[in-house]
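Below, each value reflects all heavy atoms present in this structure, side chains not excepted, and no hydrogens, waters or symmetry copies. Order of the sequence lines fixes the chain letters, A, B, ..., with proteins taken first and strands second; residue numbering starts at 1 for each chain.
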Amino acid sequence: MKREKVKGKRGKTNPTSFAQRLLEWSDVHGRHDLPWQMDRSDYRVWLSEIMLQQTQVGTVIDYFQRFTARFPDLDSLAKADLDEVMALWSGLGYYARARNLHKTARICVESHGGRLPDSAEELQQLPGIGRSTANAIVAQAHDQRAVILDGNVKRVVARHAAIEGWPGRSAIARVLWKEAEIRTPPDRARDYTQAIMDLGSGICRPRQPACQQCPVGSDCMALRKGLVTELPGKRPRRTRPEKTTTLLLIEDDQGRLLLKRRPPTGVWGGLWCLPEISHPDSDPDKKPVEPLLTLRHDFTHFRLHIRLVRSGLNEASIEEGEHHAWMKYDQALATGLPRPVRTMLEALS
DNA sequence: AAATCGGGGAG
DNA sequence: CTCCCAGATTT
């Protein structure tokens, strides 16, 4: 069913294809001045695509500028200490992205001649690069025709084709990939992928979509059916559990703090953190310790209550090593810390 | 198929 | 408060 080639099927008022109308719109209204859109290299495109995973453009820009200033190319990143990479990523979240970024840089230097692969198939074999990201990289960096399906495209396509159901379900995602494929034109791959994301971001928004200004509104099935704000389907609700943890503020006589490196997997994997103890508030014999401060931190699937407690650990029992270190405040703030830990240390310094 | 993995922007 | 963001990986 090559719908875009059977123009008559979409009505006489729409003589041009989805892609053509979208491209004409984006030539005027699209974004053309983002940092990764200038001085375009596959390295910078790759880095931007990783940072932008589940992260808004406005949040990424500063991180991208700092990161590329320190690591301007693949080789400098491959040579770097993982700790420094994590420090530059600190606060951005989803820290597996940073570990995979570093790992991928080293793989490319060791096994790909110091270059990122230029095919989507090879890119997708690298850690942290999935189907959509691999395709986005070849489209943006090499102007290759490739289908992407990020949050923006899911929303645009789900509405334009009136696909009901939550895109997180694989059956729905499969249909969305197909509909995205149908709409992807043979030419102008770079401009088209940027255009459909700009449409999703600027016009086909999650709330208050500007359908009146939409270049593909005339044949949008959700608009015809009055389903625009209903689509795409929402993630099923779930009550978020609440957890409590206690972090320890342990200072030596020089005012240095004890930091521990978290295991490479799990929450805040690979970051430096204050020593953590499982909440002892279930012990009825001990009177509760008054925390220095408490903090609430929300994750996607649970809420964490953090208590910060001053503790006097015997310093002689702590050896400097891979998994713990004594740091001054400014030194600690320069390392890869989880956001709430950074917030607490800034409040105390 | 479902859970995990951060943090923030914006209604 | 809510939803969701240029998703990938693990279970």
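Rounded to whole angstrom, the span from the OH atom of A/Y95 across to the C1' atom of B/dC5 amounts to 11 Å. Across the protein-nucleic acid pair, A/M51 atom CE and B/dG6 atom C1' stand 14 Å apart, rounded to whole Å. Distance NE2 (A/H297) to C1' (B/dC5): 11 Å, rounded to an integer number of Å. As a whole-Å value, the separation of A/K234 NZ from C/dC1 C1' is 13 Å. Protein atom OH of A/Y63 is 13 Å distant from nucleotide atom P of B/dG6, rounded to whole Å. Atom CZ of A/F299 is separated from atom C1' of C/dC3 by 19 Å (rounded to the nearest Å). We find that CZ of A/R240 is positioned 15 Å from C1' of B/dT4, with the value rounded to whole Å. Note: CZ (A/R97) to P (B/dG7) measures 10 Å, nearest angstrom.
Under a hydrophobic clustering in which Ile, Leu, Val, Met, Phe, Trp and Tyr are joined whenever their side-chain heavy atoms come within less than 4.5 Å, directly or via other members, A/I163 and A/L231 fall into different clusters.
Residues from residues 86-93 of chain A lying near DNA chain C, meaning a heavy-atom separation below 4.0 Å, are absent.
Annotation: C/dA6 and B/dA3 have their C1' atoms spaced 23 Å apart (nearest Å). To the nearest whole angstrom, the two P atoms, one in C/dA8 and one in B/dG9, are 23 Å apart. Of the C1' atoms belonging to B/dC5 and C/dC4, the separation is 15 Å, rounded to the nearest Å. Nucleotides B/dG8 and C/dT9 are separated by 23 Å at their C1' atoms, to the nearest Å.
Counting non-hydrogen atoms under 4.0 angstrom, A/R262 reaches nothing in the nucleic acid. At the heavy-atom level, A/G168 lies nowhere under 4.0 Å from the strands shown. Across all strands, A/R303 comes closer than 4.0 Å only to sugar-phosphate atoms, never to a base (heavy-atom distances). When heavy atoms are screened at a 4.0 angstrom cut-off, A/P167 is found touching no nucleic acid atom at all. Backbone-only contact: A/R339 has heavy atoms under 4.0 Å from sugar-phosphate atoms and none from a base.
By the 4.0 Å N-to-carboxylate-O rule, A/E290 lies too far from A/R310 to be salt-bridged with it. Taking 4.0 Å as the cut-off between side-chain N and carboxylate O, A/D75 and A/K79 count as a salt-bridged pair. A salt bridge between A/E276 and A/K260 is absent, with no side-chain N of the basic residue lying under 4.0 Å from a carboxylate O of the acidic one.
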Test log, rule side chain to side chain donor-acceptor pair (under 3.5 Å), inputs A/H160 and A/D219: CA-CA 7 Å; A/H160 193 256; A/D219 54 349; 3.0 Å; yes
Candidate pair A/S132 and A/W177, rule side-chain contact (heavy atoms from CB on, under 4.5 Å), full reasoning: CA-CA 10 Å; A/S132 186; A/W177 272 108; 4.1 Å; yes
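Put simply, CG on A/L345 and CG on A/L257 are 6.0 Å apart, with the number rounded to the nearest 0.5 Å.
Position along DNA chain B of the nearest nucleotide to A/R238 versus A/T300 favours A/R238 as the more 5'-ward residue. Take the nearest nucleotide of DNA chain B for A/V267 and for A/R207: the residue whose nucleotide is more 5' is A/V267.
Closest to the A/P206 side chain, of the nucleotides C/dC4, C/dC1, B/dG7, is C/dC4.
No hydrogens or angles considered: a donor-acceptor pair under 3.5 Å links the side chains of A/E122 and A/S119.
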Summary of protein contacts for nucleotides 6-11 of chain C, nucleotide by nucleotide, where a base hit scores B, a sugar-phosphate-only hit scores S (4.0 Å, heavy atoms): BBSS--
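Between A/R115 and A/D42, the closest side-chain pair of non-hydrogen atoms falls below 4.5 Å. Annotation: side chain of A/T104 is in contact with side chain of A/W46 (closest heavy-atom distance under 4.5 Å).
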